[in-house]
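Right, one structure below, let's go through it.
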Amino acid sequence: MRLSRYFLPVLKENPAEAQIVSHRLMLRAGMIKQQAAGIYSWLPMGFKVLRRIEQIVHEEQIRAGHIPLLMPTLQPADLWRESGRYDDYGQEMLRIRDRHERDMLYGPTNEEMITDIFRSHVNSYKDLPLTLYHIQWKFRDEVRPRFGVMRGREFLMKDGYNFDLTKEDALHAYNRHMVSYLRTYERMGLTAIPMRAASGPIGGDNTHEFLVLASTGESEVFYDAKVPELKLGTREVDFDDRAEVAAICEEFTTLYARTDETHDPAAFDKIPEERRMVGRGIEVGQIFYFGTKYSEAMGATVVTPEGNRVPVEMGSHGIGVSRLVGALIEANHDDKGIIWPEGVTPFHAGIVNLKQGDVSTDSACEAIYKALKLKGLDPLYDDRDERAGAKFATMDLIGLPWRITVGPRGLANNLVELTSRRSGESEEMSPEAAVERIAAIYVGV
RNA sequence: CGGAGCGUAGCGCAGCCUGGUAGCGCACCUGCUUCGGGAGCAGGGGGUCGGAGGUUCGAAUCCUCUCGCUCCGACCA
């Protein structure tokens, strides 16, 4: 993309309403525009990041054997009356009446609807196990939306639902989700720690939250210093292998890691003192096993091999997709702006033309731009007629991980500069070498 | 929902207390100069001061109501 033709309304000054760094930087980098309390438009660059995150979530869900579909944002109230949650959910549920005076609601989650889909089409144990998920906008009418997209009222969430014959099968689904989530967050460059959680209105006793460590997090967290060092890495996982999947879960949940809701000081004190960490975290996902809570209430049953009809065992699992954009920035920024991890960056590299209009720098930039595109990469070429300082400031603000700086001085010796946004370190090399280097960085990302 | 605060140009703000023709910086447009870390000079455009009502000769300013937003607390992906 050529910046002169893009829509990137960056702000030089800090918007007054933004208190935390991710919100401030998202507004300054032209990623979002607030439309009402807790409701945002996603401007082109914000939208790109959102889509990248969404894509990673999809890929990892599909890798784990889960099946995507799409349910609507608006739901009929009757489904929720069946489960009993129409009355339980309270003011957080946005209720709407249509022209025929039918009660509707903007879905805060989809347990009822997915259960309805399931019961309409599945009758036999032979169709199990089944895990369906979607990535869809949700609305929860928070009393006090804040922190930008991290706690909006409208938010994009991946929510998945597993249907199994036995509790044992359902717990395998639970474990599968835990492992797939670990990989999902790692691919985004995040360290998200699974922590035993309290269950809340979704119900169920088996539940973990995934927390990204950040000083601005809403939850207080207590953990063993060894926990953030755990990495799934690139190991191949057979998601059908129960023992293997369970072993990974054990690896990641044995060491102490709890939120304030489930904190157990006695257990915490057993950790060697130098490893006892107290901090704050941002919740970016949660998994639940809740058994037959919804299937019983809504008649989602299957016939067993023995010919009995039993309610299916279920669980649900969520990843806050739009929240992750904020969480990523909270975890990756400095005083100049955002620092995107390669896995989610809106553009793979930025090209800064220091002397727009100069024949040699213009054509060198064009050549680099085209070469990167030929490599299948998505560069952002700052071809505006701006001074160097302004271009650098914009690049630093929007946080592309790699920058190629092209100026007449270096070009005289066939050199451009490749700069890492994270380390700030620069290296001079030929334009061709810079392209090759960037292409190599993104192999496998 | 309890407490606090803010709405004046696209953004950041002053003006309000003590009523008298709406201002500054950034951004935007034009020209000249500049050109490796948010340039300089000159000129220019843009605001029914969130909305409604009231007091007054006169309201951004005082009063009443209302809408919106933010922050702190109790609740949540």
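Because only heavy atoms are used, hydrogens play no part in the values below, and waters and symmetry mates are left out as well, while side chains stay in. Chain letters run A, B, ... following the sequence lines, proteins first, then strands; residues in each count from 1.
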[N] - base-pair partner by Watson-Crick or wobble geometry, distances under 3.5 Å:
| N | value |
| --- | --- |
| B:C75 | none |
| B:G31 | B:C41 |
| B:G10 | B:C26 |
| B:G46 | none |
| B:C57 | B:G20 |

(message) Does the structure place the NZ or CZ of A:Arg81 under 6.0 Å from the centre of the six-membered ring of A:Tyr86, at an angle of no more than 45° from the ring's axis?
(response)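 Judged by the rule (NZ or CZ under 6.0 Å from the ring centre, within 45° of its axis), A:Arg81 counts as positioned above A:Tyr86.
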
(message) Here's one to test your reading of the geometry: is the NZ or CZ of A:Arg140 within 45 degrees of the ring axis of A:Tyr106 and under 6.0 Å from its centre?
(response)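 Not satisfied by the 6.0 Å and 45° rule.
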
In this structure, how many angstroms lie between the [atom2] atom of [N] and the [atom1] atom of [X], rounded?
| X | N | atom1 | atom2 | answer |
| --- | --- | --- | --- | --- |
| A:Glu386 | B:G40 | CD | P | 13 Å |
| A:Tyr89 | B:C75 | OH | C1' | 12 Å |
| A:Leu11 | B:G25 | CG | C1' | 15 Å |
| A:Glu283 | B:A77 | CD | C1' | 6 Å |
| A:Leu43 | B:G10 | CG | P | 17 Å |
| A:Asp382 | B:G38 | CG | C1' | 12 Å |
| A:Lys12 | B:G25 | NZ | P | 14 Å |
| A:Arg387 | B:U33 | CZ | P | 15 Å |

Which of the following nucleotides, [options], is nearest to the side chain of [X]?
| X | options | value |
| --- | --- | --- |
| A:Ala390 | B:G38, B:A74, B:C72 | B:G38 |
| A:Ala16 | B:C75, B:G38, B:G12 | B:G12 |
| A:Gln34 | B:A77, B:C69, B:G37 | B:C69 |
| A:Glu13 | B:G36, B:C11, B:A77 | B:C11 |
| A:Phe392 | B:C71, B:G37, B:U70 | B:G37 |
| A:Ala37 | B:C69, B:C1, B:A77 | B:C69 |
| A:Glu17 | B:C69, B:C75, B:A77 | B:C69 |

[atom1] atoms of [N] and [M], separation to the nearest Å:
| N | M | atom1 | result |
| --- | --- | --- | --- |
| B:U30 | B:G73 | P | 49 Å |
| B:C24 | B:A42 | P | 14 Å |
| B:C72 | B:U66 | C1' | 25 Å |
| B:C35 | B:U21 | P | 46 Å |
| B:C65 | B:C71 | P | 26 Å |
| B:G44 | B:A60 | C1' | 26 Å |
| B:C75 | B:C1 | C1' | 10 Å |
| B:A22 | B:U8 | C1' | 8 Å |

Donor-acceptor pair (no angle test) under 3.5 Å: [X] side chain, [N] base:
| X | N | value |
| --- | --- | --- |
| A:Arg403 | B:G37 | yes |
| A:Glu417 | B:G36 | yes |
| A:Arg28 | B:G38 | yes |

(message) Would you say A:Gln19 places a side-chain N or O within less than 4.0 Å of OP1 or OP2 belonging to B:C72?
(response)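 No, A:Gln19 has no side-chain N/O under 4.0 Å of OP1/OP2 on B:C72.
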
(request) Look at A:Gln286 and B:A77 and indicate whether a side-chain polar atom (N or O) is within less than 4.0 Å of OP1 or OP2. (result)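 Answer is yes, contact under 4.0 Å.
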
(request) Between A:Lys391 and A:His23, name the one whose nearest nucleotide on RNA chain B is closer to the 5' end. (result)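 Its nucleotide being nearer the 5' end, the pick is A:Lys391.
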
(request) Could you pick out which residue, A:Ile20 or A:Gln91, lies toward the 5' side of RNA chain B when each is mapped onto its nearest nucleotide? (result)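 Whichever sits nearer the 5' end wins; that is A:Gln91.
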
(request) Taking the side chain as every heavy atom from C-beta outward, state whether A:Phe347 and A:Tyr381 have any pair of such atoms under 4.5 Å apart. (result)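 No, too far: nothing below the 4.5 Å cut-off.
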
(request) Taking the side chain as every heavy atom from C-beta outward, state whether A:Val227 and A:Met277 have any pair of such atoms under 4.5 Å apart. (result)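 The answer is no; the side chains never approach within 4.5 Å.
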
Does [X] reach a base, just sugar-phosphate, or nothing at all? Heavy atoms under 4.0 Å.
| X | value |
| --- | --- |
| A:Asp159 | nothing |
| A:Ala393 | base |
| A:Gly407 | base |
| A:Gly90 | nothing |
| A:Ala18 | nothing |

(message) For the backbone of A:Thr131 and the side chain of A:His66, can you confirm whether one donor and one acceptor N or O come within less than 3.5 Å of each other?
(response)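 No, A:His66 side chain to A:Thr131 backbone: no donor-acceptor pair under 3.5 Å.
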
(message) Just checking A:His23 against A:Phe147, ring centres under 6.0 Å apart?
(response)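 Not close enough - the centres of the two rings lie 6.0 Å or further apart.
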
(request) Answer yes or no: is there an ion pair linking A:Arg409 with A:Glu417, defined by an N-O contact shorter than 4.0 Å? (result)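 Salt bridge flag = no for A:Glu417 with A:Arg409.
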
(message) Using a strict threshold of under 4.0 Å (side-chain N to carboxylate O), is an ion pair present between A:Arg196 and A:Glu209?
(response)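 Answer for the salt bridge query: no.
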
